[in-house]
Number of protein chains: 2
Amino acid sequence: MSQMPVNKRHRASRDSERTRAALLATGTEIFAELGFDGAKVGAIAERAGVNKAMINYHFGGKQGLYTAILETTFAEANSALSVLRGRAESADELLRRFVEVWAGIAERRPAFPAMVLREVLSGGRHMDQRVLPSFLGLFEHVREVVERGVREGTFRPVNPLLTHLALVGSLVFFFATRSFRERLIREGKLPAAIPDTAGFVRHVQELTTRGLAREGSP
Amino acid sequence: MSQMPVNKRHRASRDSERTRAALLATGTEIFAELGFDGAKVGAIAERAGVNKAMINYHFGGKQGLYTAILETTFAEANSALSVLRGRAESADELLRRFVEVWAGIAERRPAFPAMVLREVLSGGRHMDQRVLPSFLGLFEHVREVVERGVREGTFRPVNPLLTHLALVGSLVFFFATRSFRERLIREGKLPAAIPDTAGFVRHVQELTTRGLAREGSP
DNA sequence: GTCTATAGGCTGATAGAC
DNA sequence: GTCTATCAGCCTATAGAC
């Protein structure tokens, strides 16, 4: 794959780092927008203001750039979600926080929900082995909280995986479809008001905590 | 676009219809699996057991085939969901039925959830003008029911669009990610049991109806 | 590290025989 | 309607100068 630069990145010049960073940032945008096959390395290089050949030099090719981007994106999301780990709050409260943190990630990194969705849709076709752990890590946060809530009796005895799929499905769908939805609304094709993130967060929080609550647990 | 065949389809031979049908069926599979850019017309023709040139003859090209597939897929889903329109059941019960009908569509047409997701992800980049109405139609069913439930006081005063996004997001995510999830579980990489559709349907039904219920309504 | 130029492969579409 | 043969364009990757 990438031969020299990976091993001597500590010696890399300031310009070199700038080139790498520009390719990572622009590549994230374009891969999220168009998918692996739709994204063209020429377009990435051009928008990044960098020579096309630099993708091969720094990342060993299109696939290498994509892998580097997935690693960065998923690792960052995992790290953001980890602030909830081992906290003392109630399972109910932790689930509310989870939704907020997730929304925060999606706001800061708009490409993240789309990348997740594209990967699961294509069955991980372009996902390197090394990325799988941090990808799967994304799906442990809900499970832990739900298991605790069920054990402590504040939640109904729900299946953690189903809970996770329903919750994350809502989140990922809301954020990944945002630009399309807002365009349709702006063009008058979808008769509704553009929903704001805070409102959606509250909606999902209420829906989830009420939906999971054991009767007589409010 | 497609010159003759569209106008004289009523005169088409049996073989011609078989060719068209094979391309539609196989194209649906492959487009859902790989997306518009990932799908190659050569692969579609080969798996369909049909000559590559037939895609251009019958559909005017790759884009034409894709448009025909979207039309068919969305129209069928809309028609299946329409059985719920104007029914006498409670809003609560209608929402439960909605989830069941949606799951039924996804079981019969596994490509449907993926096609919806790929389209919203790419901002409708490959969606023909003519398909937009039937696409938007997909998003009216929940709205009607929720508005009624809120009006009648069985639901909390929730935003119909947010409710729709959360509910359909859960559904589409569950079904579109199914094969990937099941593969990961089978390979032992995701420690969980493969969830069955019926269980997911019940989970979402409970989550939604409890989550939307006005306090002291059940 | 960065650039230009180009090789080499693949893809979608068409021409024309049957 | 269907098939074969083929073309033109695009896209990734590399060789080699600086």
Side-chain angles (χ1 to χ4, degrees), chain A residues 1-27 30-31 33-69 125-126 128, chain B residues 1-28 30-31 33-70 125-126 128:
Chain A
M1 302 251 158
S2 178
Q3 53 289 56
M4 279 290 105
V6 175
N7 302 325
K8 60 169 185 181
R9 197 169 320 151
H10 56 104
R11 274 194 165 286
S13 73
R14 215 159 255 137
D15 283 356
S16 172
E17 271 311 324
R18 204 178 295 140
T19 298
R20 287 182 58 91
L23 285 172
L24 285 171
T26 310
I30 296 191
F31 279 125
E33 200 181 319
L34 302 173
F36 185 84
D37 296 302
K40 307 301 170 190
V41 294
I44 295 174
E46 191 181 7
R47 200 192 290 180
V50 157
N51 190 282
K52 212 173 53 149
M54 290 301 95
I55 291 176
N56 302 285
Y57 179 75
H58 286 286
F59 300 97
K62 182 183 186 177
Q63 175 66 57
L65 175 59
Y66 187 72
T67 299
I69 286 171
R125 189 165 293 104
H126 305 290
D128 191 282
Chain B
M1 302 252 158
S2 179
Q3 53 288 57
M4 281 289 104
V6 175
N7 302 324
K8 60 167 184 180
R9 197 168 319 155
H10 55 105
R11 272 193 166 286
S13 72
R14 214 159 255 139
D15 283 355
S16 172
E17 271 309 327
R18 203 178 297 142
T19 300
R20 287 182 57 91
L23 285 172
L24 285 172
T26 310
T28 304
I30 297 190
F31 279 126
E33 200 181 320
L34 303 173
F36 185 84
D37 296 301
K40 308 300 172 193
V41 294
I44 295 173
E46 191 180 7
R47 199 191 292 180
V50 158
N51 191 282
K52 208 174 58 147
M54 290 300 95
I55 291 176
N56 301 285
Y57 180 76
H58 286 286
F59 300 97
K62 182 183 187 177
Q63 176 65 59
L65 175 59
Y66 187 70
T67 300
I69 286 171
L70 281 189
R125 188 165 293 105
H126 305 291
D128 192 281

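These values consider heavy atoms only, across backbone and side chains, with no hydrogens, waters or symmetry-generated copies. The structure presented is a predicted model; accordingly, all values stated were derived computationally and were not measured. Chain letters run A, B, ... following the sequence lines, proteins first, then strands; residues in each count from 1.
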Next on the checklist: What is the distance, to the nearest angstrom, from the CG atom on N56(A) to the C1' atom on dT4(C)?
Outcome noted: 14 Å
Item to check | Proximity to the side chain of A53(A) - top-ranked nucleotide from dG1(D), dA15(C), dT14(D) | outcome: dT14(D)
Item to check | Atom pair distance, as rounded to whole Å: CE in M54(B) and C1' in dT2(D) | outcome: 5 Å
Next on the checklist: Using whole Å, what does the distance between atom C1' of nucleotide dG12(C) and atom CD1 of I44(B) come to?
Outcome noted: 11 Å
Item to check | Test item: L34(A) and D37(B) side chains (from C-beta on) under 4.5 Å apart, heavy atoms | outcome: no
Next on the checklist: With a 4.0 Å limit, can you tell me whether T19(B) has a side-chain N or O closer than that to the phosphate oxygens OP1/OP2 of dT2(D)?
Outcome noted: yes
Next on the checklist: Nearest whole Å is fine: how far is dG16(D) C1' from K52(A) NZ?
Outcome noted: 16 Å
Checklist entry - Considering only side-chain heavy atoms of S13(A), which listed nucleotide, dG1(C), dA13(C), dA13(D), is closest? => result dG1(C)
Checklist entry - Counting side-chain heavy atoms from C-beta on, which of dT4(C), dA13(D), dG12(C) comes nearest to N51(A)? => result dT4(C)
Next on the checklist: Closest approach to the side chain of Y57(B), judged atom by atom: which nucleotide of dG1(D), dG1(C), dA13(D) is it?
Outcome noted: dG1(D)
Checklist entry - Rounded to the nearest Å, what distance is computed from the CG atom of residue D15(A) to the P atom of nucleotide dT2(C)? => result 6 Å
Checklist entry - Which listed nucleotide (dC11(D), dT4(D), dA13(D)) is nearest to the side chain of K40(A)? => result dC11(D)
Item to check | Atom-pair distance (CD on E17(B); C1' on dG1(D)), nearest Å | outcome: 12 Å
Checklist entry - Is any NZ, NE, NH1 or NH2 atom of the basic residue among R125(A) and E33(B) found under 4.0 Å from an Asp or Glu carboxylate oxygen of the other? => result yes
Checklist entry - Which of the following nucleotides, dT2(C), dG1(D), dA13(C), is nearest to the side chain of K62(B)? => result dA13(C)
Checklist outcome for this item: Of the candidates dG12(C), dT2(D), dT14(D), the side chain of H58(B) sits closest to dT2(D)
Next on the checklist: Mind checking if A39(A) touches a base, just sugar-phosphate, or nothing, with heavy atoms under 4.0 Å?
Outcome noted: sugar-phosphate
Item to check | Separation of dG1(D) C1' from I55(B) CD1 (nearest whole Å) | outcome: 15 Å
Checklist entry - Looking only at atom types and distance, does a side-chain atom of K62(A) sit under 3.5 Å from a main-chain N or O of N56(A), one as donor and one as acceptor? => result no
Checklist entry - Should we say atom CD of E46(B) is surrounded by more than 12 heavy atoms from elsewhere, each under 6.0 Å from it? => result no
Checklist entry - Roughly how many Å is it from CG in D37(A) to P in dC10(D), rounded to a whole number? => result 18 Å
Checklist entry - How are the rings of Y66(A) and H126(A) set relative to one another: parallel (under 30°), tilted (30 to 60°) or perpendicular (over 60°)? => result perpendicular
Item to check | Sugar-phosphate only, base, or nothing, as touched by A43(B) at under 4.0 Å among non-hydrogen atoms | outcome: nothing
